[in-house]
Amino acid sequence: VQLQASGGGSVQPGGSRRLSCAASGIRRNINRMGWYRQAPGKQRESVAYIASDGSTNYRDSVKGRFTISRDSAKNTAYLQMNNLKPEDTAVYYCNAITTARTYWGQGTLVTVSS
């Protein structure tokens, strides 16, 4: 089982990045896929998630700037991040939730700096 996160990197404030999270080897249906982030010295926090019915949820600080989407056929989730701010700098992690357990991918670092 593997969750492969990609798309991190450095970007200037106001810029955009698109993160991808590809799940493989998960036999059960994935009910929900989501993104979390952890900034230096802070706790991991939920950023956004998307359920199997397409419903989404975002933390307030990213609403209107981030968009989560999912390609169920590919078991892949995406996080389009626009108008990035320095406070968005963090390691971003994706997860996938089934009825049996939650799977986590490795983090991908997003640095927003001028």
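In what follows, every heavy atom counts, from backbone to side chain, and hydrogens, waters and symmetry copies are set aside. This one's a predicted model, so the numbers in the text were calculated from it and none came from an experiment.
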Testing the basics here: between [X] and [Y], what is the closest heavy-atom pair and its distance to 0.1 Å?
| X | Y | answer |
| --- | --- | --- |
| Gln2 | Gln4 | NE2-OE1, 3.2 Å |
| Ala100 | Arg28 | CB-NE, 3.3 Å |
| Thr108 | Ala5 | CG2-CB, 4.4 Å |
| Met33 | Thr76 | SD-C, 4.3 Å |
| Tyr58 | Ile68 | OH-N, 2.9 Å |
| Leu79 | Ala48 | CD1-CB, 4.3 Å |

task: Kindly indicate, with the supporting measurements, whether the criterion side-chain contact (heavy atoms from CB on, under 4.5 Å) is fulfilled by Met81 and Leu19.
output: CA-CA 8 Å; Met81 305 184 295; Leu19 306 182; 3.7 Å; yes
Nearest 0.5 angstrom please: [X] [atom1] to [Y] [atom2], how far?
| X | Y | atom1 | atom2 | answer |
| --- | --- | --- | --- | --- |
| Ile50 | Ser69 | CD1 | OG | 6.5 Å |
| Ser61 | Glu87 | OG | CD | 8.0 Å |
| Leu3 | Ile30 | CG | CD1 | 7.0 Å |
| Asn57 | Ser46 | CG | OG | 6.5 Å |
| Tyr103 | Cys21 | OH | SG | 13.0 Å |
| Ser24 | Asn75 | OG | CG | 8.5 Å |

- request: Identify whether NZ of Lys or CZ of Arg in Arg70 sits under 6.0 Å from the centre of the six-membered ring of Tyr78 and within 45° of that ring's axis.
  value: no
- prompt: Relative to each other, are the rings of Trp104 and Tyr93 parallel, tilted or perpendicular (30° and 60° limits)?
  reply: perpendicular
field: Stepwise salt bridge (Lys or Arg N to Asp or Glu O under 4.0 Å) test for Asp60 and Lys63
entry: CA-CA 5 Å; Asp60 287 345; Lys63 286 180 179 177; 3.0 Å; yes
task: Walk me through it: do Glu45 and Arg37 pass the test side-chain contact (heavy atoms from CB on, under 4.5 Å)?
output: CA-CA 5 Å; Glu45 60 186 20; Arg37 67 186 181 187; 2.7 Å; yes
Heavy-atom neighbours of Asn29 CG exceed 12 at 6.0 Å: no
message: For the CD atom on Gln43, are there more than 12 heavy atoms of other groups (residues, nucleotides or ligands in this structure) within a distance under 6.0 Å?
response: no
query: Does a donor on one side chain sit under 3.5 Å from an acceptor on the other, for Ser52 and Asn31?
result: no
query: Is a side-chain donor or acceptor of Arg17 paired with a backbone partner of Gly8 at a separation under 3.5 angstrom?
result: yes
message: Under the criterion side-chain contact (heavy atoms from CB on, under 4.5 Å), I'd like the reasoning laid out for Arg65 against Asp88: C-alpha separation, chi angles, the key distance, then a yes or no.
response: CA-CA 11 Å; Arg65 301 189 297 121; Asp88 295 318; 2.7 Å; yes
field: Criterion side-chain hydrogen bond (donor to acceptor under 3.5 Å, both in side chains) on Arg44 and Tyr36, from CA distance to verdict
entry: CA-CA 7 Å; Arg44 188 175 297 189; Tyr36 285 69; over 6 Å; no
I'd like to know if [Y] and [X] are part of one continuous hydrophobic network [Ile/Leu/Val/Met/Phe/Trp/Tyr, side-chain heavy atoms within less than 4.5 Å].
| X | Y | answer |
| --- | --- | --- |
| Val47 | Ile97 | no |
| Val110 | Phe66 | yes |
| Tyr92 | Val62 | yes |

message: I want to check something: taking the side chain as every heavy atom from C-beta on, are Pro86 and Pro13 in contact at a cut-off of under 4.5 Å?
response: yes
